[in-house]
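Atom set for the values below is all heavy atoms of this structure, side chains included, hydrogens, waters and symmetry mates excluded. Just so it is clear, the structure is predicted and the values come from calculations on it, not from any experiment.
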Amino acid sequence: MKKCIIFASHIPHPNKLYVGKESLDKFVESFNDYDIYIGINNSCNEWVEMVKKYSDKLNIIYEITPTELLDTSGGAAYQTALRLLKNNNKKYELYWFGHTKGAT
């Protein structure tokens, strides 16, 4: 069965990296056979580097949301991840949604 995760992220400061790391570690532990689409909103460089590093362990497709599309609700990160999913032209039997709500 093909499965994916659509993940919206916003890690504004390095002292909140633990919030994103907790999710990435859970993906490694329990979802390592999923495709993971990550939208990154207005985040610190350390978060982007962490996502890149975890791409060695997981099938992560990510993109930073363009500044002109940012919003205050976090919806733009989902839109970025969903755009990646759409552009990949893959169909899945199971879709999970997640976000880094605890980072702000």
Visitor: Let me see the working for Leu58 and Val28 under side chain to side chain contact (heavy atoms under 4.5 Å, CB included), right down to the final yes or no.
Guide: CA-CA 7 Å; Leu58 297 164; Val28 169; 3.7 Å; yes
Visitor: Would Phe97 and Leu82 count as a side chain to side chain contact (heavy atoms under 4.5 Å, CB included) if you check the C-alpha gap in whole Å, the side-chain angles of each, and the deciding distance to 0.1 Å?
Guide: CA-CA 10 Å; Phe97 287 80; Leu82 287 166; 4.2 Å; yes
Visitor: Write down the atom of Tyr62, the atom of Val48, and the distance for their closest heavy-atom approach.
Guide: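 Distance-wise, the nearest heavy atoms are CE1-CG1, 4.3 Å.
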Visitor: Would you mind telling me which of Ile36, Leu94, Ile60, Asp35 makes a side chain to side chain contact (heavy atoms under 4.5 Å, CB included) with Ile5?
Guide: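 By the side chain to side chain contact (heavy atoms under 4.5 Å, CB included) criterion, Ile5 pairs with just one of Ile36, Leu94, Ile60, Asp35: Ile36.
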Visitor: Testing the basics here: between Met50 and Leu24, what is the closest heavy-atom pair and its distance to 0.1 Å?
Guide: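 For Met50 versus Leu24, the nearest heavy atoms are CG-CD1, 3.8 Å.
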Visitor: Hey, does the side chain of His99 reach the backbone of Ala8 with a donor-acceptor pair shorter than 3.5 angstrom?
Guide: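 Here the side-chain-to-backbone pair does not exist.
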Visitor: Report the residues that fulfil side-chain hydrogen bond (donor to acceptor under 3.5 Å, both in side chains) with Asn88, sequence neighbours left out, ordered by chain and then residue number.
Guide: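 Checked Asn88 against side-chain hydrogen bond (donor to acceptor under 3.5 Å, both in side chains); matches are Tyr37.
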Visitor: Of all heavy-atom pairs between His10 and Asn41, which one has the smallest distance, and what is that distance?
Guide: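 Where His10 meets Asn41 most closely, the heavy atoms are ND1-O, 2.9 Å.
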Visitor: At their closest point, which heavy atom of Leu84 faces which heavy atom of Ile38, and how far apart are they?
Guide: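 So the minimum-distance heavy-atom pair works out to CD1-O, 3.7 Å.
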Visitor: Once rounded to the nearest 0.5 Å, what's the spacing between atom CG of Asp25 and atom CD of Glu29?
Guide: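 The CG atom of Asp25 sits 8.5 Å away from the CD atom of Glu29.
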Visitor: Flag yes if more than 12 heavy atoms outside Asp56 fall under 6.0 Å of its CG atom; otherwise flag no.
Guide: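 Counting other residues, nucleotides and ligands, CG of Asp56 exceeds 12 neighbours.
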Visitor: Mind checking salt bridge (charged side-chain N to carboxylate O under 4.0 Å, His left out) for Glu93 and listing every partner two or more places apart, or none if nothing turns up?
Guide: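 None.
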Visitor: If I take atom OG from residue Ser9 and atom CG from residue Asn42, how far apart are they, to the nearest 0.5 angstrom?
Guide: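 Going from the OG atom of Ser9 to the CG atom of Asn42 covers 11.0 Å.
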Visitor: Ring centres under 6.0 Å, that's the criterion: do Tyr54 and Phe27 meet it?
Guide: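 Between Tyr54 and Phe27, the centre distance exceeds or equals 6.0 Å.
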Visitor: Between the main-chain N or O of Pro12 and the side-chain N or O of Ser43, is there a donor-acceptor pair closer than 3.5 Å?
Guide: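 Looks like no, no N/O pair under 3.5 Å.
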Visitor: Rounded to the nearest 0.5 Å, what separates atom NZ in Lys53 from atom NZ in Lys21?
Guide: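 Answer rounded to 0.5 Å: 7.5 Å.
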Visitor: Of all the heavy-atom pairs spanning Ala81 and Phe7, show the shortest one and how long it is.
Guide: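 Residues Ala81 and Phe7, closest heavy atoms: CB-O, 4.0 Å.
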Visitor: Looking at Lys3, I'd like to know if its NZ atom is crowded, meaning that more than 12 non-hydrogen atoms belonging to other residues, nucleotides or ligands lie closer than 6.0 Å.
Guide: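 Correct, the count exceeds 12.
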Visitor: Transitively linked via ILVMFWY side-chain contacts under 4.5 Å: Leu69 with Ile6?
Guide: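 Cluster IDs for Leu69 and Ile6 differ.
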Visitor: Measure across Ala77 and Thr65 and return the closest heavy-atom pair with its distance rounded to 0.1 Å.
Guide: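 Scanning both residues completely, I find the closest heavy atoms to be CA-OG1, 4.0 Å.
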Visitor: Please assess Lys90 against Ile61 for the test side chain to side chain contact (heavy atoms under 4.5 Å, CB included), listing each intermediate value before the final yes or no.
Guide: CA-CA 12 Å; Lys90 287 187 175 182; Ile61 304 96; over 6 Å; no
Visitor: Supply the atom-to-atom distance Met1 CE to Tyr34 OH, rounded to the nearest 0.5 angstrom.
Guide: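 Between Met1 CE and Tyr34 OH, I get 7.5 Å after rounding to 0.5 Å.
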Visitor: Side chain to side chain contact (heavy atoms under 4.5 Å, CB included) for Ile11 and Leu17? Distances and angles first, verdict last.
Guide: CA-CA 6 Å; Ile11 307 290; Leu17 282 171; 4.0 Å; yes
